[in-house]
Chemist: 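I'd like to ask some things about the structure below.
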Amino acid sequence: MSNNSSYNELVLKFANVNGSGSASANTFCAKALFRMGIPVSAKNIFPSNIQGLPTWYEIKISESEQLARRDGIDVMVAMNAQTYEQDINEVLENGTFIYDSSLLRDFKRDDINIIGIPIAKLCADAYTDSRQRQLFKNIVYLGSLSLLIGIDFDVIKQLLSDQFGSKPKLYDQNIKALEIGRQYVKENIKYPLEKQVRKSNKNTNKIMINGNEAAGLGAVYAGATVASWYPITPSTSLVESFEKHAMKLRKNEDGTFNAAIMQAEDELSAVGMAIGANWNGARAFTATSGPGISLMSEFIGLAYFAEIPLVLFNIQRGGPSTGMPTRTQQSDVLSCAYASHGDTKQVLLFPADPNECFYFAIESFDYAERLQTPVIVLSDLDIGMNDWVVDKLEWDPNYKHDRGKVLNSKELENAKDFGRYKDVDGDGIPYRTIPATHPELGAYFTRGTSHNEYGGYTENGVIHAKTLDRLEKKFDTGKSLLPQPEIIINSPKTKIGIINFGSTTKAINETLNHLSSKGIGINHMRIRAFPFSKKIDNFINEHEVIFIVEQNRDAQMKKLLVNEIDSISSKLLSILNYDGMPLTAQFLIDKISEHLEEDIDINQLIAPPIKIV
Amino acid sequence: MSNNSSYNELVLKFANVNGSGSASANTFCAKALFRMGIPVSAKNIFPSNIQGLPTWYEIKISESEQLARRDGIDVMVAMNAQTYEQDINEVLENGTFIYDSSLLRDFKRDDINIIGIPIAKLCADAYTDSRQRQLFKNIVYLGSLSLLIGIDFDVIKQLLSDQFGSKPKLYDQNIKALEIGRQYVKENIKYPLEKQVRKSNKNTNKIMINGNEAAGLGAVYAGATVASWYPITPSTSLVESFEKHAMKLRKNEDGTFNAAIMQAEDELSAVGMAIGANWNGARAFTATSGPGISLMSEFIGLAYFAEIPLVLFNIQRGGPSTGMPTRTQQSDVLSCAYASHGDTKQVLLFPADPNECFYFAIESFDYAERLQTPVIVLSDLDIGMNDWVVDKLEWDPNYKHDRGKVLNSKELENAKDFGRYKDVDGDGIPYRTIPATHPELGAYFTRGTSHNEYGGYTENGVIHAKTLDRLEKKFDTGKSLLPQPEIIINSPKTKIGIINFGSTTKAINETLNHLSSKGIGINHMRIRAFPFSKKIDNFINEHEVIFIVEQNRDAQMKKLLVNEIDSISSKLLSILNYDGMPLTAQFLIDKISEHLEEDIDINQLIAPPIKIV
Amino acid sequence: MTFIKKPIFRHPSLPKNDLGLTYRDYEGLVSTLCAGCGHDSITASIVQSCYDLSLPAHKIAKLSGIGCSSKTTNYFLNQSHGFNTVHGRMPSVATGANLANRDLIYIGVSGDGDTASIGLGQYCHAIRRQLNVTYIVENNGTYGLTKGQFSATNDKKSKNKKGADNPFGAIDLALMAIELGAGFVARSFSGDKEQLVPLIKKAIAYNGFSLIDVISPCVTFNNHPHSTKSYDYIREHNTAMGELDFVPEKENIQAKYSEGESVDVTLHDGNSINLQKLDGNYDPRDQDKAVSILRKYRGEGKVVTGLLYINEDANEMHETLKTSTTPLNAIPMNDLCPGIDELDKLNKSYT
Amino acid sequence: MTFIKKPIFRHPSLPKNDLGLTYRDYEGLVSTLCAGCGHDSITASIVQSCYDLSLPAHKIAKLSGIGCSSKTTNYFLNQSHGFNTVHGRMPSVATGANLANRDLIYIGVSGDGDTASIGLGQYCHAIRRQLNVTYIVENNGTYGLTKGQFSATNDKKSKNKKGADNPFGAIDLALMAIELGAGFVARSFSGDKEQLVPLIKKAIAYNGFSLIDVISPCVTFNNHPHSTKSYDYIREHNTAMGELDFVPEKENIQAKYSEGESVDVTLHDGNSINLQKLDGNYDPRDQDKAVSILRKYRGEGKVVTGLLYINEDANEMHETLKTSTTPLNAIPMNDLCPGIDELDKLNKSYT
Ligand SMILES: Cc1ncc(C[n+]2csc(CCOP(=O)(O)OP(=O)(O)O)c2C)c(N)n1
Ligand SMILES: Cc1ncc(C[n+]2csc(CCOP(=O)(O)OP(=O)(O)O)c2C)c(N)n1
Ligand code: SF4
Ligand code: SF4
Ligand SMILES: [Mg+2]
Ligand SMILES: [Mg+2]
């Protein structure tokens with residue numbers, strides 16, 4: 001063992017061919033490290049393809065919990081000859097490059113440690129079936145690696161026995177493959193490497209989970225009963241998680257299920273079903289990404305305007321258009337916030353990790369029913385499909401699901417005059433009824449056309465504008481109801497702040513730590529929901545320079561902030577008319593005069609025109 | 001004739017039942033006034049229904065060319081008993097209320113002049129066929145009105161003979177009906193009214209036309225050959241105009257047409273067809289409104305990302321959702337500017353009246369082909385479906401359609417290395433080829449997935465980000481190419497400005513005149529296109545208070561301005577990453593450090609953190 | 001025809017059904033459709049059917065898309081929840097609603113534009129799932145609400161209001177439904193209440209997807225050169241004025257004919273259609289027969305009406321999905337939420 | 001299977017077609033589909049057909065939606081413009097392209113998810129318009145690219161990769177096409193080049209909508225309990241690991257059988273299908289016969305292959321629309337723009 005040994009701080013990367021069984025093996029490795037109590041973070045970088053293309057898996061191992069991605073690889077397990085060249089370039093000086101030396105290669109880098117293991121040969125010797133020869137290559141390199149970086153073999157064994165518990169033969173065969181890899185290292189290679197791992201205790205009360213698994217489970221805990229969806233990467237596994245858990249936890253004695261999962265014919269249909277089910281009093285959701293959001297936007301506008309609860313998970317991927325379906329981005333912020341034509345605004349939630357996906361999945365239904373409007377949970381591929389180490393999921397037995405303002409039969413009888421769209425409480429949120437509640441009371445007509453307080457059709461512009469105003473008031477009500485931002489004041493005196501949301505949080509924490517160590521204090525706010533809480537206005541007003549970190553080109557969250565926080569653009573005064581009638585000059589004159597008369601500052605800016613007409 | 005007579009300044013309104021033939025009659029009246037040389041502006045306020053519901057038609061008559069709508073009616077022709085009550089309330093003091101006194105009524109308003117004409121009875125006496133009795137009521141009240149306010153009968157006759165030229169019998173019958181109305185007035189009523197009209201000379205070189213008619217004709221002049229669409233109010237008549245003119249002006253000797261009009265099965269298909277046709281080198285467009293825009297958004301994103309020219313007319317109507325299909329709004333600004341998921345931005349044009357609809361329809365194809373991107377012309381119901389008096393349409397015989405960067409066979413042979421998405425000229429605009437141009441050169445693969453400079457599939461985040469950057473550069477190129485704002489400096493010294501776009505311009509002009517007359521000078525800028533010209537930045541920077549006038553609730557144009565003009569929200573600094581990979585801390589640290597080091601102002605804001613880690 | 005509220009006065013001597021309700025109790029708001037529109041006749045037949053069946057209106061949900069036809073859900077069953085969704089997408093909303101509560105009766109009303117054009121995909125897939133809905137297409141071969149464009153069910157030979165030929169062939173929604181596995185497929189005529197009411201009643205009783213494709217003439221579809229003099233006048237007048245803005249009031253077209261008989265019905269536009277009623281011996285359980293009879297009469301330019309096909313064994317959607325017999329919207333949150341112990345187990349599985 | 005560029009070396013002795021081109025000249029990029037995917041066989045048949053017909057590749061436009069199948073347009077005809085549009089909406093883009101230039105040959109490639117689910121409406125309406133396209137559905141009964149969900153063409157009885165039953169009935173795209181008036185409707189099998197190549201050639205030559213529904217097995221569809229021991233191992237392993245991420249390399253399935261014969265073909269998943277080839281006496285011009293033979297064999301659980309229906313008199317879209325014989329994209333702007341005199345006349349009409 002060299003004196004330069006360092007522990008639990010390295011980036012490990014696997015380069016494979018997809019469809020070769022490597023994904024399971026690599027996940028297995030991350031899990032073993034997790035069980036050793038070491039903080040890890042794993043990223044699967046896979047192609048939009050089923051078999052034969054390059055795929056990578058990165059594990060950041062960091063005792064000091066700096067768990068954002070990092071360029072520059074310490075140990076590269078290069079199992080795909082097609083990408084050797086690019087893979088070896090990523091290895092840091094003094095790093096290690098492990099490859100399948102069944103075919104020897106000269107890599108022309110002498111600043112790194114190149115290890116050849118003849119994996120294909122080892123497997124050809126050990127197995128006769130061609131598919132086993134293929135598949136076990138993954139386990140063999142895992143075996144080798146376990147010795148090279150020091151993964152506890154007992155942990156591995158336990159993990160294998162957990163996984164193959166009921167299938168001892170599979171267990172044995174996997175152990176055998178591991179041993180092949182270990183044996184080769186023992187006999188041929190100096191081990192362990194300088195960068196290695198050792199047991200730690202950082203993962204007490206932690207779990208390893210991806211966001212889609214957590215969100216699907218959250219929807220089960222939320223009491224959702226209808227999931228309608230159309231397959232699309234990277235959202236598919238969210239519905240699969242819901243299905244798996246619901247089918248297991250909600251099975252009745254007669255073989256029926258207290259849930260319905262419906263694969264729709266497309267995204268329009270998927271969201272239409274979710275709207276229909278919510279309208280009819282079930283908790284229903286859909287999940288999609290990218291193109292699906294665009295296709296759903298007409299229906300999202302209907303739900304907004306007819307005030308139907310709706311939960312929609314958008315697991316964002318690389319856009320625009322079909323874009324990069326297997327890469328992560330945060331580029332649907334604007335298209336979701338303003339989804340649909342006309343004056344529409346949607347409630348957004350921004351989970352930062354799988355743990356928050358679970359809670360937001362639950363709360364999203366509460367918000368959707370309380371506010372009677374679509375709630376879009378903006379996760380992304382990084383959160384949704386990668387395994388993260390997070391706090392374990394908690395459940396408060398006293399938690400009560402908030403079904404919002406729904407009138408039951410008795411309440412309907414006591415109500416003086418039920419009007420579906422009346423603002424009875426002054427918070428902009430009307431009362432609704434579920435079909436079949438009462439034989440004579442509470443029926444109303446739901447429509448996407450303009451309507452009066454009773455749901456009746458109207459083309460009266462004044463009533464239309466009043467409805468739009470109430471919807472805006474309702475939206476404002478959301479500001480205090482929804483998750484508040486997380487604010488960390490690193491320096492009470494600094495005038496510099498940084499804002500982020502979603503999956504970039506780990507990188508922010510790491511960055512702020514780094515800057516702190518250089519004596520630079522920057523205050524941090526993580527946005528968790530739109531409409532924006534007043535605290536967000538305050539944070540922005542209290543700082544003079546604010547960085548906004550986003551994973552998109554168009555600075556979409558910044559746009560949303562300047563859009564919604566008037567103090568930022570205070571010199572622009574809006575004059576708005578939206579009753580559907582062509583504008584009159586009198587309306588304008590009145591509005592402008594009001595401003596001129598009431599605001600002394602503005603008054604002082606007046607100068608006479610060149611010619612007086 | 002009273003001494004209080006006033007001329008050519010009044011608002012005339014017709015209240016009718018739709019499907020009763022009133023729309024033609026009322027348009028006829030406006031046309032007659034127009035032919036008398038009087039400035040008029042007509043607004044049709046109709047229900048989303050075919051027969052039996054209330055409908056109104058307003059004509060503002062203003063010699064002084066104050067042609068925005070005005071509340072308060074001078075002469076109301078109330079032909080719908082269902083709405084008498086609301087109609088009479090709109091009449092100004094000393095105004096006139098004309099109704100069908102076949103059924104006498106006491107209206108309890110003695111501050112106005114109430115005139116009863118037994119129109120139904122007159123028609124019952126004059127006609128035997130029940131449908132003629134119905135239809136000619138409209139002509140009878142027109143006849144009465146012509147005497148009451150003084151519409152030149154010769155003008156009316158000429159108009160009738162132009163309209164029914166080839167059908168002398170129809171002409172005679174209409175004249176007869178007019179005379180019935182006139183006769184009754186002559187015999188029973190004191191005429192003319194105080195508010196009347198007389199010949200003027202304001203309409204030389206003017207025409208009366210609606211925006212959809214003009215835009216459809218513009219598309220013919222633009223050389224568009226494919227129109228694919230799905231019926232939706234208020235955009236339908238645009239395609240009908242294109243069809244009418246193309247079928248007439250583009251008929252070949254063999255009976256075929258140099259145009260194809262395709263009614264698609266829905267909006268997704270309509271825009272898909274337009275994209276396919278443009279991809280294949282035809283000039284093609286679609287027209288829609290409200291819900292159609294939402295449905296088209298996936299395809300709009302494809303055209304943006306694959307860089308396919310596309311012209312889309314959005315004749316805006318009242319939203320959200322199905323909303324008020326027969327009312328006007330400007331509430332699709334944001335949903336069009338950011339149509340589709342991912343980082344997308346669309347070129348918008350904002351015509352202010354039918355005249356500009358004609359020119360923008362032509363230019364939109366030039367811009368779409370030059371920039372290889374969708375161009376959305378944002379008209380609205382007010383412009384699109386109402387008849388406006390505007391300058392006549394002009395055509396410059398030297399005008400050459402700009403087909404953009406399309407390589408022909410010879411150019412392909414001379415080109416060293418054709419790459420569909422290469423930025424050869426540094427303006428962000430690549431060269432394209434039309435299928436079948438050359439047997440061996442120029443073929444490329446068009447896709448919505450991420451692609452390299454040759455159109456090849458890629459999942460390389462760096463290449464993806466480079467493409468997005470080039471698209472942004474191309475968008476910037478649009479800033480100087482597109483129509484510049486119209487700026488009117490009413491007062492060089494004032495620090496107050498007003499911004500508008502589209503159909504509100506008449507109201508702005510009227511307002512500014514009014515304020516001018518009170519000594520208040522406000523400078524005016526009319527925005528005509530997005531991306532915003534630098535002149536727009538300048539105007540905003542040069543004023544301290546700016547009113548922004550919009551026909552929507554959400555201040556959508558203001559949002560677009562603060563979004564795109566960084567000076568407005570200069571304290572927010574974006575840090576953006578969009579290569580599809582999870583964010584690294586190093587990336588952040590580098591970006592922040594750059595700012596801290598380079599910008600002295602920011603540097604001064606630094607304070608140390610509470611605890612240094 | 002008017003937007004004035006219908007008087008609520010109920011005559012005490014009106015007949016009552018088993019629930020003690022009168023016909024009036026099943027009505028909706030006053031129609032705003034054109035006088036003479038076939039859709040209004042269908043509305044009346046729906047009211048009659050629900051009254052006859054003594055259905056509790058609040059247990060019915062009525063859903064529609066967008067169009068004149070789709071507006072009608074507002075004109076019947078005031079005591080039912082109604083949902084005017086978006087154009088062409090009613091089937092998905094109805095599917096979701098039904099998933100949430102399998103115990104309600106679902107009536108879906110759509111137009112030929114709504115179903116055969118923009119909504120064709122959703123229509124086909126709702127059928128494939130055997131959604132338990134009574135799906136009524138008010139088929140007028142045109143886009144009424146947007147003023148008379150051709151729809152995809154319009155026969156190739158016919159002309160539109162401007163005299164233009166319909167360029168493309170008609171989609172036969174009934175044939176399509178049979179092919180896709182709909183359990184109950186019928187065709188009728190808006191003016192034939194005697195046939196329509198029993199069909200609606202059977203369709204409501206049927207457990208699965210039931211289509212009734214109802215030919216429903218549109219008054220604005222008014223352009224045939226062979227109509228009366230005065231009519232020609234109106235047409236010419238409209239043309240000269242450049243706009244179709246006079247819609248003469250018409251009577252609903254009625255048709256009475258017996259099983260096995262055929263009848264020529266003249267539409268508002270002067271065109272006529274030949275309706276052929278299935279005879280009493282026709283066995284609607286034979287799918288092959290249904291397909292061939294539809295194809296045969298279509299070939300002869302005839303429209304065959306009646307119950308074309310019924311599959312008495314089809315599994316409706318919930319049976320296939322094995323959803324709980326209790327409606328999903330009625331299961332208490334406590335039964336749906338697995339609680340803390342399960343979460344502990346799950347947490348373990350994530351380590 | 002690999003993303004390495006295909007070597008451009010061409011053997012000088014390769015046979016040449018009438019244009020002097022070799023088979024290689026009709027190829028595209030190297031496929032990235034799974035080894036053994038049926039889609040790759042279809043690609044080869046398309047290449048063969050175009051080579052045999054001596055088509056100038058640049059006069060062909062190839063369009064597709066999204067899916068493994070839709071990717072294949074990149075794997076043939078490198079000299080043709082290709083367009084991978086959006087999921088399910090290729091028919092509309094192809095319609096627009098065809099409107100712009102009626103002189104090109106259009107090959108549309110789609111999957112069963114792309115066509116029978118999200119794209120069903122566009123598919124039906126493109127047929128109705130008799131769009132002149134060779135429309136090839138690479139039908140594997142599953143969503144390959146999104147990892148094995150059921151598609152709407154999947155037979156009710158079959159199971160998916162997780163062993164779950166397919167709940168809903170299959171949509172028969174060929175039957176649907178015939179009903180909607182497609183002029184040319186065929187069905188084939190990816191592994192039967194001898195049948196497929198002539199069908200593709202005929203379809204390309206046909207002037208109107210030609211559908212070839214090609215059964216095309218998917219390797220990942222691998223879950224049948226009756227397969228070999230070693231396979232079972234992989235399957236169990238995948239299940240235990242919780243993810244299907246091992247795709248064993250397979251051979252393309254081939255099938256050779258003659259007219260009138262039937263053959264059982266075992267798929268990668270161990271399931272088998274029975275293919276029944278139409279015999280030489282079958283007259284594909286009889287629509288009724290085509291419908292009934294499809295219905296009959298389906299009833300027997302068999303898949304009938306061959307040219308099922310052809311209408312030699314159908315009007316393709318441009319004939320119906322009366323578009324100019326010169327492609328619209330080739331008419332000079334000067335001929336399209338009416339100019340100043342017409343505008344003056346029009347201005348007058350607006351006064
Ligand atoms: C997405 C969308 N596109 C277009 C429209 C406009 N539109 C309203 S009704 C209608 C057609 C209705 O035809 P049909 O369903 O046959 O009903 P009908 O009026 O004939 O009864 C259309 C195209 C719309 N409301 N929404
Ligand atoms: C709008 C949209 N929804 C979903 C997807 C995700 N998606 C990609 S391919 C595919 C299914 C492909 O199935 P199929 O057409 O049968 O092709 P195969 O892969 O089986 O050949 C889906 C759902 C998408 N790309 N776009
Ligand atoms: S336009 Fe036609 S379909 Fe619409 S209400 Fe009138 S008659 Fe009925
Ligand atoms: S997943 Fe199936 S359809 Fe896709 S490439 Fe592989 S074998 Fe072919
Ligand atoms: Mg219709
Ligand atoms: Mg498939």
Side-chain angles (χ1 to χ4, degrees), chain A residues 34-35 203 206-209 217 220-223 225-226 228 245 249-250 252 254-260 262 264-266 268-270 272-282 284 298-299 302 392-395 397 401 433-440 443-449 457, chain C residues 29 32 56-61 63 66 71 73-74 77-86 89-101 103-104 121-122 124-125 128-129 318 321-331 333 335-340 342-343 346-348 350-351:
Chain A
F34 165 74
R35 286 213 179 168
N203 292 337
K206 299 265 182 189
I207 57 173
M208 193 164 177
I209 191 171
L217 184 62
V220 173
Y221 272 78
T225 50
V226 176
S228 50
H245 295 297
L249 300 168
R250 299 247 195 92
N252 298 315
D254 61 358
T256 63
F257 299 93
N258 290 342
M262 181 60 90
E265 63 275 23
D266 66 9
L268 289 90
S269 179
M273 290 177 190
I275 288 171
N278 272 301
W279 174 78
N280 216 357
E298 187 195 21
F299 255 133
L302 173 71
K392 75 181 173 80
L393 309 176
E394 316 244 13
W395 183 251
H401 299 84
T433 57
I434 308 298
T437 301
H438 191 286
E440 278 145 33
Y444 70 96
F445 203 83
T446 308
R447 47 167 42 101
T449 40
Y457 181 78
Chain C
L29 301 184
T32 61
H58 73 296
K59 298 261 180 184
I60 301 175
L63 298 104
I66 301 283
K71 284 183 180 184
T73 41
N74 216 349
L77 297 177
N78 247 343
Q79 292 314 320
S80 302
H81 273 67
F83 198 159
N84 218 173
T85 64
V86 290
R89 321 288 177 189
M90 175 266 281
S92 63
V93 179
T95 303
N98 189 305
L99 286 173
N101 187 352
D103 281 356
L104 299 191
Q122 294 215 341
C124 294
H125 283 274
R128 208 183 143 245
R129 298 186 185 103
H318 284 278
L321 291 180
K322 303 206 182 66
T323 342
S324 72
T325 47
T326 313
L328 291 174
N329 74 350
I331 304 170
M333 278 292 144
D335 292 354
L336 294 173
C337 180
I340 194 161
E342 283 297 341
L343 196 59
L346 285 160
N347 272 321
K348 275 204 198 89
Y350 300 132
T351 57

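Heavy atoms only: backbone and side chains are in, while hydrogens, waters and symmetry mates are out. Here is how names work: the chains are called A, B, and so on, in the same order as the sequence lines, proteins then strands, and each is numbered from 1. Everything numeric here is computed off the predicted structure, so don't read it as measured data.
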Chemist: Between I340(C) and chain A, with a heavy-atom cut-off of 4.5 Å, which part of the residue counts as in contact: side chain, backbone, both or neither?
Modeler: both
Chemist: Which distance, rounded to the nearest 0.5 Å, do you find between the CG of L29(C) and the CZ of F445(A)?
Modeler: 8.5 Å
Chemist: In terms of heavy-atom proximity below 4.5 Å to chain C, should F299(A) be classed as side chain, backbone, both, or neither?
Modeler: side chain
Chemist: Is chain C contacted by the side chain of L268(A), its backbone, both, or neither, given a heavy-atom distance below 4.5 Å?
Modeler: both
Chemist: Is D254(A) in contact with chain C via its backbone, its side chain, both, or neither, using a 4.5 Å heavy-atom distance?
Modeler: side chain
Chemist: Quick one: of M333(C), Q79(C), K59(C), who has the most non-hydrogen atom pairs under 4.5 Å with chain A?
Modeler: M333(C)
Chemist: Side chain, backbone, both or neither: which part of L393(A) has a heavy atom under 4.5 Å from chain C?
Modeler: both
Chemist: Which one wins on heavy-atom pair count under 4.5 Å against chain C: A270(A), A284(A), A282(A)?
Modeler: A282(A)
Chemist: Could you look at S228(A) and say if it's the side chain, the backbone, both or neither that has a heavy atom under 4.5 Å from chain C?
Modeler: neither
Chemist: Do T433(A) and H81(C) meet the criterion of a side-chain donor-acceptor pair at a distance under 3.5 Å?
Modeler: yes
Chemist: Can you tell me which portion of P397(A) sits under 4.5 Å from chain C's heavy atoms? Options are side chain, backbone, both or neither.
Modeler: side chain
Chemist: Between T73(C) and chain A, with a heavy-atom cut-off of 4.5 Å, which part of the residue counts as in contact: side chain, backbone, both or neither?
Modeler: both
Chemist: Could you check which of L99(C), T95(C), T323(C) has the highest count of heavy-atom pairs closer than 4.5 Å to chain A?
Modeler: T323(C)
Chemist: Examine whether an atom of H245(A) lies under 4.5 Å from a heavy atom of chain C, and if so say whether it belongs to the side chain, the backbone or both; otherwise answer neither.
Modeler: side chain
Chemist: What part of V226(A) gets closer than 4.5 Å to chain C, counting heavy atoms only: side chain, backbone, both or neither?
Modeler: side chain
